[in-house]
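Residue numbers start from 1 in every chain, and the chains themselves are labelled A, B, ... in the order their sequence lines are given, proteins ahead of strands.
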Amino acid sequence: MLSTPSDEAMAAETLALVDCNSFFASCERVFQPRLKNRPVIVLSNNDGCVVARTDEAKALGIPMGVAFFKVRDLVKKNGVHVFSSNFALYGDFSARVMKTLSGFTPELEIYSIDEAFLSLKGFESRSLTDYARSIREAVMQNVGIPVSIGLAPTKVLAKVANQVAKKKNGGVFDLSSQKTQDEVLNYFPVEDIWGVGRQSTEKLHRLGIRTAKQLRDAEPCFIQKILTVVGRRILDELKGTPCIRLEQESRNKKQMICSRSFGKPIYELSELKEAVACYVTRVAERLRGEKSVCNALQVFIQTNRFKEDAYFNITTLHFITGTSATPRLITAAHEGLERIYRSGYAYKKAGVILLDFTLENQKQLSLFDSEQQEADEKRMKIVDQINRKMGQDTVKMAACGTERAGPRSESRSPCYTTRWGDLLCVG
DNA sequence: TCTGGGGTCCTAGGACCC
DNA sequence: TCTGGGGTCCTAGGACCC
């Protein structure tokens, strides 16, 4: 069923999509102003692939998401500045950006670490373009991060507007009028629309639909048949009919994942068990932070997915009573690992997923092991307290092992804003 | 030699029930 | 020849996003 929001709730209003330009790279530049106008890239975990590029790096032909080893020569030849990712730093910058934005509207949806939708309802009396410019200036002034802002009546159109703003118009573009929509959508490639991925693009191209305008003006029922209700919604949004509402409340999570690729391949079950115990520890901390317990856990392992004889397996374990106690979760994860482990493979990655959440204070207690459960919970609270105060893994389960090989991250910047020892010294 | 991590939503198909 | 059928719940897998 296609959800059709009530007219009242979705009356025509202007949305602004604020998106930080080359976010991670821009964060790094704040501390190294000499990198302004220079190519900068930021790498993923393990220095595996490129996850952020400045315009200068894009211009050199470094694609998003490319494996770093594939562009290493290009990077060297052009003096591209390379950073390993530093998520503590980016998270802190993100919070500062969002705080600034929240001063401009009471209705704000934080969509991702570097993007937010703002409702500008009630601000129409002045030019919204001017208002957007003042938002841009405030973020630059307060946080030092450049942003682009797209204005439009729906989220999909605001995304389009934002992409136009990134390329021209001084970082702000208003796509509210029908005339501008006709002009822009006419040249806007269908594959650049938010929600249209590789598979959908292929289907649309086969049908001769190459521009956003062609998709907007296609027969809605036909598009729904081809691209499901998801495609139908995109079409409606392109027409200016809002179908994807602003979500101000952060929704309760449905799953939590902790997974990592290994620096070197792992062969032994015992080593996998250690790694997985660490992932369980991380994700269980987060679960307790949300005051929830989980009723199921999944564990997976995989070999190099780019090789032909790759092996991947995942298994699910259910709990009779919800839990967030690390030892119980580790036991379950290890049981799962034993089920799916096959000897002789070179494992490259493993992960743990927690699912099926209940609030801690609403969980069912089992008649038989409630005492044990209570003891577990008390113990975990103490462990969390100590680790919060003294640093991650001050107290941890023996199952995690003692070696801390850690991921490869050769070019990590200091945690300037979140670790006292890394504060920048002036003078 | 080297290829991220954390999420969401939708659909199809199987199990089960009456 | 032909063997109920409709509803609900759950899960796996696909597609997409940042």
Side-chain angles (χ1 to χ4, degrees), chain A residues 1-3 17-24 41-53 63-73 75 82 84-87 90-91 94 109-117 155-156 159 162-163 191-204 224-234 243-244 247 250-265 279 282-283 286-287 295-296 298 300 302-307 310 312-318 346 348-357 407-410:
Chain A
M1 235 325 248
L2 190 63
S3 68
L17 172 61
V18 180
D19 185 314
C20 300
N21 301 344
S22 317
F23 182 54
F24 300 163
I41 60 173
V42 178
L43 304 179
S44 67
N45 220 23
N46 267 324
D47 291 348
C49 38
V50 176
V51 292
R53 319 155 292 160
M64 183 64 174
V66 71
F68 180 48
F69 73 88
K70 288 186 180 170
V71 291
R72 206 187 286 269
D73 289 344
V75 161
V82 179
S84 302
S85 47
N86 182 346
F87 282 98
Y90 311 147
S94 174
E109 174 185 340
I110 298 173
Y111 175 68
S112 73
I113 193 166
D114 70 337
E115 273 176 75
F117 288 101
K155 283 186 172 180
V156 170
K159 276 272 190 183
N162 190 283
Q163 291 200 43
E191 62 267 32
D192 290 350
I193 298 170
W194 185 47
V196 178
R198 242 188 31 231
Q199 302 301 320
S200 303
T201 298
E202 220 172 273
K203 286 180 191 167
L204 291 169
Q224 182 161 351
K225 217 182 279 172
I226 309 290
L227 301 182
T228 79
V229 60
V230 177
R232 168 65 188 266
R233 276 201 282 258
I234 293 170
C243 308
I244 312 171
E247 300 201 22
S250 66
R251 268 177 301 178
N252 290 329
K253 279 198 173 47
K254 298 189 171 141
Q255 58 173 38
M256 287 185 200
I257 302 179
C258 183
S259 69
R260 294 281 180 281
S261 298
F262 310 131
K264 284 182 211 154
Y279 306 159
R282 285 288 85 75
V283 75
R286 274 194 270 148
L287 182 66
N295 294 286
Q298 291 180 317
F300 69 84
Q302 73 183 57
T303 59
N304 187 337
R305 65 182 209 276
F306 296 93
K307 286 195 176 154
F312 170 88
N313 208 342
I314 182 166
T315 188
T316 307
L317 297 101
H318 296 269
K348 283 292 290 179
K349 182 176 180 177
V352 175
I353 305 169
L354 304 185
L355 326 136
D356 196 1
F357 302 137
R408 272 194 309 264
S409 47
E410 289 168 3

Identify the stems formed by DNA chain C, where each pair is Watson-Crick or G-U wobble with both distances under 3.5 angstrom and a stem is at least 3 consecutive pairs.
B:5-18 with C:5-18
Return the stacking result for dT3(B) and F306(A): yes when the ring centres lie under 5.5 Å apart and the planes under 30°, no otherwise.
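F306(A) ring centre within cut-off of dT3(B) base, planes near parallel; stacks.
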Indicate, with a heavy-atom threshold strictly under 4.0 Å, whether [X] touches base, sugar-phosphate, or nothing.
X: V66(A); value: nothing
X: I193(A); value: sugar-phosphate
X: Y111(A); value: sugar-phosphate
X: D114(A); value: sugar-phosphate
X: K159(A); value: sugar-phosphate

Tabulate protein N/O versus nucleotide N/O from nucleotides 12-15 of chain C, keeping only pairs under 3.5 Å, one per line.
none

Nucleotides 6-10 of chain B: which of its N/O atoms have a protein N/O under 3.5 Å away?
{"from": "dG6(B)", "atom 1": "OP1", "to": "R260(A)", "atom 2": "NH1", "distance (Å)": "3.2"}
{"from": "dG6(B)", "atom 1": "OP2", "to": "S259(A)", "atom 2": "N", "distance (Å)": "2.7"}
{"from": "dG6(B)", "atom 1": "OP2", "to": "S259(A)", "atom 2": "O", "distance (Å)": "3.3"}
{"from": "dG6(B)", "atom 1": "OP2", "to": "S259(A)", "atom 2": "OG", "distance (Å)": "2.9"}
{"from": "dG7(B)", "atom 1": "OP1", "to": "R286(A)", "atom 2": "NH1", "distance (Å)": "2.8"}
{"from": "dG7(B)", "atom 1": "OP2", "to": "I257(A)", "atom 2": "N", "distance (Å)": "2.8"}
{"from": "dT8(B)", "atom 1": "OP1", "to": "K254(A)", "atom 2": "N", "distance (Å)": "3.2"}
{"from": "dC9(B)", "atom 1": "OP1", "to": "R251(A)", "atom 2": "NH1", "distance (Å)": "2.3"}
{"from": "dC9(B)", "atom 1": "OP2", "to": "K254(A)", "atom 2": "NZ", "distance (Å)": "2.9"}
{"from": "dC10(B)", "atom 1": "OP1", "to": "R233(A)", "atom 2": "NH2", "distance (Å)": "2.5"}

Using only side-chain N and O atoms of N45(A), determine if any of them is under 4.0 Å from OP1 or OP2 of dG5(B).
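True: N45(A) side-chain N/O within range (under 4.0 Å) of dG5(B) OP1/OP2.
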It should be established whether S112(A) places a side-chain nitrogen or oxygen under 4.0 Å from OP1 or OP2 of nucleotide dC17(C).
no
Taking atom P in both dC17(B) and dT3(C), what distance in whole Å separates the two?
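Between the two P atoms, the distance is 24 Å.
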